[in-house]
Amino acid sequence: VAGGGHNPDAWYAWSEAGVEGTSPHDVPGDLPEAGGLAFGNRYIGVDVTAELNQPGRITWFPVETVSNSEAGFERVYQGSSLHLRWPIRLSPGAEAVRSVRFLVTQSRDLTAEEARPSASAGPTAAVPSSAPSRRQVRSRGARTSLARRD
C-alpha cells in the first residue's frame with residue numbers, strides 16, 4: 001500500500017525541459033531546475049501537485065530502516081522524503097521570495113469504503129449517504145521570504 005517494493009501505485013511524475021518522467025516512491029530522484037512535481041498514491045486515492053513560483057531543485061529519496069528478521073538483515077521502506085531548494089544570492093538590502101503551492105485531490109474515501117457492508121456482514125453496517133466520493137482541497141501554500149541585511 002505505501003511505496004516500498006517499487007509499488008507502481010506510489011509515484012512521482014514530472015516534466016522538465018520538455019522531458020516527462022515517473023518514478024516509484026522508493027527510488028531516489030533529482031530535478032536540478034524544475035517548476036513543479038506531481039506525486040501521490042493511486043491505491044489510497046491521493047494526488048498532490050507542488051507548484052514552485054520560481055524553478056528550483058527538487059530532490060526525493062526513500063526513508064528506510066534496517067530490520068533483523070529470521071532471514072537476516074533487511075531494508076524496510078518507511079516513506080519518502082521530498083526536498084525543495086532554491087539557490088539564493090542577495091545583494092545587501094535585496095529581498096527574494098520563494099513559494100510552493102500544493103494542490104491536493106482525494107479520489108477515494110477509505111473510511112466510507114470500510115463502513116460499507118460486505119456480502120457476509122448483513123444489513124447491520126451503514127454507509128453515510130453524505131460521504132463524498134471525491135473531494136479537492138487547496139492549500140494556502142508555503143511561502144518563504146528571505147532578506148539580507150548588512
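A quick note: this is a predicted structure, and the numbers were derived from the prediction, not measured. Hydrogens, waters and symmetry mates are skipped; everything else that's a heavy atom, side chains included, is used. Numbers here are sequence positions counted from 1.
Residue Glu33 qualifies as open at atom CD: its count of foreign heavy atoms under 6.0 Å is 12 or below. Remark: His6 NE2 is loosely packed, at most 12 non-hydrogen atoms of other residues, nucleotides or ligands lying under 6.0 Å away. Shown here is Arg85, whose CZ atom has more than 12 heavy atoms of other residues, nucleotides or ligands within 6.0 Å.
For the pair Gly56 and Trp86, the tightest heavy-atom approach, listed with the atom from each and the gap, is CA-CD1, 3.7 Å. Ile88 approaches Ala96 most closely through the heavy-atom pair CD1-CB, 4.3 Å. What you find for Asn41 and Ile44 is that their closest heavy atoms are OD1-N, 3.2 Å. For Glu95 against Leu90, the heavy-atom pair with the smallest separation is C-CD2, 3.9 Å.
Side chain of Asp47 to main chain of Gly40: no donor-acceptor pair is present (N/O by atom type, distance under 3.5 Å, no hydrogens or angles). With hydrogens and angles ignored, the 3.5 Å screen pairs no side-chain donor or acceptor of Ser15 with any backbone N or O of Gly18. Judged by distance alone, the side chain of Ser107 and the main-chain N or O of Gly45 form a donor-acceptor pair under 3.5 Å. Checked by atom type and distance alone, the side chain of Trp14 never pairs as donor or acceptor with a backbone atom of Gly35 at under 3.5 Å.
Looking at Gln106 and Val104, their side chains never come closer than 4.5 Å, going by heavy atoms from C-beta outward. Looking at Leu52 and Arg98, their side chains never come closer than 4.5 Å, going by heavy atoms from C-beta outward. Taking the side chain as every heavy atom from C-beta outward, Ser80 and Phe39 never approach each other to under 4.5 Å. Pro62 has its side chain within reach of Pro28: a pair of non-hydrogen atoms, C-beta onward, lies under 4.5 Å apart. Between Trp60 and Leu37, the closest side-chain pair of non-hydrogen atoms falls below 4.5 Å. Proximity of Pro55 to Glu16: side-chain heavy atoms (C-beta onward) are nowhere separated by under 4.5 Å. Proximity of Asp26 to Asn7: side-chain heavy atoms (C-beta onward) are nowhere separated by under 4.5 Å.
Criterion: ILVMFWY side-chain heavy atoms under 4.5 Å apart, direct or through other members. Under it, Ile58 and Val27 are not part of a common hydrophobic cluster. Under the 4.5 Å side-chain heavy-atom criterion for Ile, Leu, Val, Met, Phe, Trp and Tyr, Val48 and Leu31 are members of the same hydrophobic cluster.
In this structure Arg42 satisfies the side-chain contact (heavy atoms from CB on, under 4.5 Å) test together with Asp9, Trp11, sequence neighbours excluded.
Distance check, rounded to the nearest 0.5 Å: CZ of Arg108 to OH of Tyr43 gives 5.5 Å.
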